[in-house]
Each structure stands twice: as structure tokens, then as C-alpha cells.
**Q** 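Structure below; questions to follow.
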Amino acid sequence: MTTLNTAEIVLRLVSATFFAGLIGYDREQKNHPAGIRTHILVCVGACLIALIQQEISLQVINTAQVLPKINGVIRADPARLIAQVVSGIGFLGAGTIVITRHSVTGLTTAASLWATAGIGLAIGMGYYQIALISVVIVLLVLVILKRVLKVHTYKKIEIKYKQRNETNSMLQSYFDTNHIRIANCSLRTDTLETNPIYTNIYTVDLPRSLTYPKVMYQLSKNDNILQIRLITV
């Protein structure tokens with residue numbers, strides 16, 4: 001068996017760059033922490049490790065053919081370096097996850113990095129069919145699935161306001177008009193000197209035509225609304 005030629009090495013590295021760029025473009029466009037360059041570097045790095053591992057395995061096989069007496073002495077595990085990539089990429093993915101008091105973001109980007117590393121390994125080992133099918137599936141999940149599959153995601157909107165009766169009527173009318181589903185509502189009254197401040201926390205699910213920033217912007221136009229805050233459940 002012969003080692004990989006330069007043309008095959010270039011093909012695999014360029015393929016890794018292209019496929020990772022497709023996935024990274026989606027993340028970059030949506031302003032996520034890891035974009036095109038990060039995904040390309042992860043995929044090319046994984047491809048590089050796979051190429052090195054394959055070269056090591058080929059060298060061991062060639063050496064064993066030339067020197068049969070040392071067959072039991074020289075060994076090469078074709079999955080050893082690959083296993084280190086699979087476990088090591090978790091540290092990079094963890095760096096893209098941001099945990100705040102009320103939400104966790106970056107999980108999808110971390111998962112896309114992990115998948116991109118796997119694609120790089122597949123390309124590096126010469127499994128083009130596996131890599132191509134994987135890229136198609138990853139892109140479908142990132143770009144298409146969210147638009148096609150509507151999952152009821154409840155979030156909490158905290159609204160602080162004055163003029164209780166007038167504002168509550170306005171809020172109820174707004175929710176009914178825009179077909180916003182209210183799963184739960186909690187109320188609180190804070191007395192500030194002589195002017196009470198009311199706080200409603202709504203657990204809601206929006207229809208496909210609305211977004212939470214749009215709802216918050218529209219409600220903030222009311223003079224009685226003092227503050228609106230989104231809380232992820």
C-alpha cells in the first residue's frame with residue numbers, strides 16, 4: 001500500500017474547508033459565537049488529524065510487509081488520534097455556551113462544531129459519501145427544520161406598569177387580537193411612595209407570525225408600560 005499523494009491530500013483539505021464553510025455561514029449569518037472561520041478551522045483540524053492517523057496506519061502496514069519478522073511488535077490503532085478529537089472538541093464547544101440567570105444560549109453552535117469535527121474526520125479518512133450526506137443533514141437541521149417544525153416554546157414576559165385596570169384591559173386585548181396563547185400569569189404589586197407599580201409575568205407562546213422582540217416593542221409604546229423583560233423558561 002502507498003501513502004496518500006499530494007492531490008488527494010489537497011482534495012480532502014479543500015473539501016473540509018468547503019463543507020465547514022457552508023455550516024459556518026449559517027452560524028455567522030445568525031450572529032452566533034462560532035462562525036465561518038471557527039467551523040472551517042475545526043473541520044480542517046479534524047481532517048488533518050485523520051490524515052495523519054491514516055498515514056501512520058499505512059506506514060505501519062508497509063513496514064510490516066517489508067519486515068515480516070516485526071509484525072507482532074509494530075502496532076497502530078487507526079482510531080486512537082480520532083478518539084482524541086472527538087473528546088477534545090467538547091472543550092471548544094463548551095466555550096460557545098453562555099449561561100445566564102434565565103437562559104442558556106450557544107448549545108446549537110456547540111453541537112454544530114462537534115458535528116463539523118466529525119465531518120472533518122470523515123473527509124480526512126476518505127469517506128466522502130458519509131461526509132456529504134452528513135453536511136446535507138446538518139444544514140437541513142440548522143436552516144430548514146426550525147422553519148418547518150413548529151415547537152411550542154413557552155417564554156415568560158415580565159411587564160411592569162401603572163394604571164392597573166386600564167393596562168390590564170389593553171394587554172388582554174392585545175393578546176387576544178394577536179392570538180397569543182397565555183399558559184400562566186402571576187401578579188405582583190409594589191408600592192412606591194404613593195404610586196403603586198404593578199408587575200405581571202406572563203408565560204406565553206407566540207404564533208408563527210410574531211417574534212418576542214416585536215411583541216415587546218409594540219407593548220412598550222403604551223404610556224402605562226414602565227418596563228418589559230423577557231425571561232426564558
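Atom set for the values below is all heavy atoms of this structure, side chains included, hydrogens, waters and symmetry mates excluded. Just so we're clear, the structure is a prediction, and the values are computed from it rather than from any experiment.
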**Q** Taking Asn178 for its side chain and Ile180 for its backbone only, find out whether a donor-acceptor pair lies under 3.5 Å.
**A** no
**Q** Look at the side chain of Ser15 and the backbone N and O of Leu11, then say whether any donor-acceptor pair between them is shorter than 3.5 Å.
**A**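 Yes, Ser15 side chain to Leu11 backbone: donor-acceptor pair under 3.5 Å.
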**Q** Only one of Asp223, Asn224, Thr199, Asn168 passes side-chain hydrogen bond (donor to acceptor under 3.5 Å, both in side chains) with Tyr161; say which it is.
**A** Asn168
**Q** Looking at Tyr127, I want to see if its OH is surrounded by more than 12 non-hydrogen atoms of other residues, nucleotides or ligands under 6.0 Å.
**A** no
**Q** Determine, using the 4.5 Å side-chain heavy-atom cutoff (strictly less than), whether Ile159 and Ile201 are members of one ILVMFWY cluster.
**A**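 Shared cluster, no.
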**Q** Please check if the number of heavy atoms outside Tyr198 that lie under 6.0 Å from its OH is greater than 12.
**A** yes
**Q** Consider only side-chain N and O atoms of Tyr202 and Asn200, and report whether a donor and an acceptor are under 3.5 Å apart.
**A** yes
**Q** Do His39 and Leu113 have side chains that get closer than 4.5 Å, going by heavy atoms?
**A** yes
**Q** Under a 3.5 Å distance rule, please check whether Arg12 uses its side chain to pair with a backbone N or O of Gly124 as donor and acceptor.
**A** yes
**Q** Would you indicate whether Tyr174, at its atom OH, is surrounded by more than 12 heavy atoms from other residues, nucleotides or ligands within a distance under 6.0 Å?
**A** yes
**Q** Would one find more than 12 heavy atoms of other residues, nucleotides or ligands at under 6.0 Å from atom CZ of Phe18?
**A**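 Atom CZ in Phe18 is not crowded, with 12 or fewer foreign heavy atoms closer than 6.0 Å.
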**Q** Do the non-hydrogen side-chain atoms of Leu13 and Val44 ever get within less than 4.5 Å of each other?
**A** yes
**Q** Measure the shortest side-chain to side-chain distance between Ile197 and Arg188 over non-hydrogen atoms and say whether it is less than 4.5 angstrom.
**A** no
